[in-house]
Amino acid sequence: MITVEVEGRVFQVEEGTTLGDILKMAGIEGAIGGKVNGKIYDLQTPVRSSAQIIPIYKNQPESLEIMRHSLAHIMAQALKEIYGKDKVHLGVGPTTEEGFYYDVEIEGVRLSEDDLPKIEEKMREIIQKNYPILRREISREEAKRLFENLKEKYKLEIIERISPDDVISVYEQNDFVDLCRGPHIPSTGMAGAFKLTHISGAYWMGDAKRPMLQRIHGIAFWDHKDLEERLKFYEEAKKRDHRRLGRELEMFLIDETVGPGLVLWLPKGGTYRKVLEDYWREEHEKRGYQFVYTPHIGNARLWEISGHLDYYKPNMFPPMQVEQEEYFVKPMNCPFHIAIYKSKVRSYKELPIKLAELGTVYRYEMSGVLHGLMRVRGFTQDDAHIICTAEQVEDVIHETLEFAISMLRDFGFREFKVYISTKPPDAIGSQEQWEIAENSLKRAVESMNLNYEIDEGGGAFYGPKIDVKIKDAIGRLWQCSTIQFDFNLPERFDMTYVGPDNKRHRPYMIHRALLGSIERFTGVLLEHYAGALPVWLSPVQVRIIPVSEKHLPYSKELEMRLRSEGLRVETDDRQERLGAKIRDAELQKIPYVLVVGDREVQEGKVSVRSKKEGDLGSMELEDFIKHIKEKIKNKAP
RNA sequence: GCUGGCGUAGCUCAGUUGGCAGAGCGCGGGAUUUGUAAUCCCGCGGUCGUGGGUUCAAGUCCCACCGCCAGCUCCA
């Protein structure tokens, strides 16, 4: 007998009683599954030891996971029915954040997106038939026999990987059997609303040397309403695509003849970028950073010392030969900053030293991963290296994290997720170094009340780090800031400082970027704001629209006046109708439009239309200047 | 890099079984003098991604390469 606790009540049941029977005993109805000591079980799974049980109902996210998992099976069954049992070989079919996928190999068939409706149709049939989904626990030998007979070569491989202590279970619906740990809904009829979205390739076991399977992706929810909402979200994301916005707003360009992954900043993008970089420099100046500039290429010897040629070479552009020496285009700025640090003997009195640079680096990324501004081959890191003593580490980390969050807030982000990655097994550096570093990271995050997760053992071999992700307007997370200890480079370059004891000591080095890269961050910003950048960042802040040609002189006067106030202004002097000019300003997402006609000329006023708030009516020019300057100062959206 | 899909005017796209390259927007010229999301007319604009091949004939079929997209993998 085992003891189970359900909703505060305690029961004695036979060991191996299914969760469903236990819940029934407790008088609980409508549960999809349950959490048994924190693990999600379905109703058919036997409970083998005393446990705390929390039922899972449809309105809880965990129930979705159960249902989506079953949909993956239903899809697999549909594929087998359409393409033949022997032809379809199943890989893995897990759930995702919003649905499920299944990796399959179908002999002689290349699926295309046109095949999806047919598969969906078959899935609906299976759901309609409402087959019971039955769990069966079988021995390893039986499992092997079963999947050998089914010609499921990938499943056999999975069986090999299942640890001997684990129970092997299969789930059956009608004549379909799948190796699966579960959990599942009790019958196919309970499946919710779903849609197959796309097909892609995926290596078996994520290994490029193994065969590539076809991955069929689907999304699923209990309600059609939620499904529709999700589909709308995709449309919304598509509307916000920075690649489209970048072209429409004339921000940037990636030109095939220049090269893939290499960004050309157009004048509008250039103006925006200058504002961003000026702001960035000011903020760094306030916090005692010193600015440095370093070359784009460096001698191979430098990259040998840094170790990049050992472990980073595949990501570097091939070398160029100059006067019998090899040079590499830089993939990182650190070795240069270190050379600057080492240019003289450093005293503990001048630490921490904070060297900052908007350093443009080049990395040879595989062609398949390039993506607009988000993933490119040449980009500018908002980079800095902080060199300090052990005693200073904690303050430095605290200050840096605070800096990162404050800067991201200025750009309009309000939600952050922080990840701390700790010591991996193959790490270098002393235990003491790691402890000081990791503790400082944890304390900084805790003192700032930030929501964080620890990725145990997820750090680089050369040091622990903090990554900050931001949540954008439609809930997507983007990694921006990273604060990374480096115990490797100070050793390799023999960096030292002279301590109060007049001896040489090894400093701590921290590599950090707040925005990540200017390119990527710009992509994120564009998507976050759907192209309508806050006034302070907008390349054009005000567009003046004369109602007719005769108002052009007054418009030009206004333009000069606003320009002298430091605002970015242009006048639409085209021979177009007012409506057309308003529309174009709107499409260009210009924050403020000033309409100038007879009334405004006579009264010396301006008629203000804000992108955010619509027609604000007539205003004294001075009042408008005050208004817009306030928005700029506050970095209002 | 790998798998699949796609490359037609500056942009968005149409182009049937192989048979004279099209539209809208944009751009140039003209008319209009406009009050809060598209005024009208005319015109310029393409070696159909590049290079081979099949064919009387290729945007269309075949091959290779380049680029883009969805993923895998990787990552700022």
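In what follows, chains carry the letters A, B, and so on, assigned in the order in which the sequence lines appear, proteins first and then strands, with residues in each chain numbered from 1. What you see is a predicted model; the values in this text were computed from it and never measured.
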Trainee: I want to verify a distance call: between U33(B), C75(B), U36(B), whose nearest atom is closest to the Asp615(A) side chain?
Mentor: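 Of the candidates, U36(B) comes closest.
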
Trainee: OP1 or OP2 of C25(B) less than 4.0 angstrom from a side-chain nitrogen or oxygen of Arg583(A), does that happen here?
Mentor: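 Indeed not, no polar side-chain atom of Arg583(A) lies that close.
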
Trainee: Using the ring of Phe336(A) (Phe, Tyr or Trp, six-membered ring only), decide whether Lys330(A) places NZ or CZ under 6.0 Å from its centre and within 45 degrees of its axis.
Mentor: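 Here Lys330(A) passes the 6.0 Å and 45° test against Phe336(A).
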
Trainee: Under the 3.5 Å rule, do the base of G35(B) and the side chain of Glu600(A) count as making a donor-acceptor pair?
Mentor: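 Such a pair exists between side chain and base.
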
Trainee: Check every atom of C75(B), A70(B), C2(B) against the side chain of Arg375(A) and return the nucleotide holding the closest atom.
Mentor: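 Nearest to the side chain of Arg375(A) among the choices is C75(B).
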
Trainee: How long is the line joining CD of Glu613(A) and C1' of U36(B), in whole Å?
Mentor: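 Going from CD in Glu613(A) over to C1' in U36(B) covers 15 Å.
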
Trainee: From the options C66(B), G1(B), A37(B), select the nucleotide whose nearest atom is closest to the side chain of Ile582(A).
Mentor: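 Nearest nucleotide to the side chain: A37(B).
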
Trainee: Just how far, in rounded Å, is C1' of C66(B) from CZ of Arg377(A)?
Mentor: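 That distance rounds to 12 Å.
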
Trainee: Ignoring backbone atoms, test whether Ser367(A) places a side-chain nitrogen or oxygen under 4.0 Å from the OP1 or OP2 oxygen of G1(B).
Mentor: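 Yes, Ser367(A) has a side-chain N/O under 4.0 Å of OP1/OP2 on G1(B).
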
Trainee: Verify the contact: side-chain N or O of Arg210(A) to OP1 or OP2 of C2(B), cut-off strictly under 4.0 Å; return yes or no.
Mentor: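 Answer is no, no contact under 4.0 Å.
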
Trainee: Does Ser607(A) make a side-chain donor-acceptor contact with the base of U36(B), cut-off 3.5 Å?
Mentor: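 Present.
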
Trainee: Verify the neighbour count for atom CD of Glu613(A): are there more than 12 heavy atoms of other residues, nucleotides or ligands below 6.0 Å?
Mentor: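 Enclosed: over 12 neighbouring heavy atoms sit under 6.0 Å from CD of Glu613(A).
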
Trainee: Could you tell me whether His528(A) and Phe413(A) have their ring centroids closer than 6.0 angstrom?
Mentor: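 Close enough - the centres of the two rings lie under 6.0 Å apart.
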
Trainee: Donor-acceptor pair under 3.5 Å: do we get one between Tyr203(A)'s side chain and the base of G71(B)?
Mentor: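 Flag unset: no donor-acceptor pair detected.
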
Trainee: On a plain distance test, is the side chain of Arg215(A) in donor-acceptor contact with the base of C72(B) below 3.5 Å?
Mentor: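 No such pair is found, so the answer is no.
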
Trainee: Please confirm whether Tyr362(A) and Phe379(A) have ring centers closer than 6.0 angstrom.
Mentor: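 Tyr362(A) vs Phe379(A): aromatic centres not under 6.0 Å.
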
Trainee: Between Arg247(A) and U12(B), does any side-chain N or O lie under 4.0 Å from OP1 or OP2?
Mentor: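 Yes, such a contact exists.
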
Trainee: Which one is paired to A9(B), where only Watson-Crick or G-U wobble pairs with both distances under 3.5 angstrom count?
Mentor: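 With both distances under 3.5 Å required, A9(B) matches none.
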
Trainee: When the ring planes of Phe487(A) and Phe485(A) are compared, do they come out parallel, tilted or perpendicular, using 30° and 60° as the limits?
Mentor: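 If you compare the ring of Phe487(A) with that of Phe485(A), the planes turn out tilted.
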
Trainee: Establish, with yes or no, whether the OP1 or OP2 oxygen of C75(B) is under 4.0 angstrom from a side-chain nitrogen or oxygen of His371(A).
Mentor: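 For C75(B), OP1/OP2 do not have a side-chain N/O of His371(A) under 4.0 Å.
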
Trainee: Taking atom types as they are modelled, would you say the side chain of Gln484(A) forms a donor-acceptor pair with the base of A76(B) within the 3.5 Å cutoff?
Mentor: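 It does not, because no donor-acceptor pair links the side chain of Gln484(A) to the base of A76(B) below 3.5 Å.
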
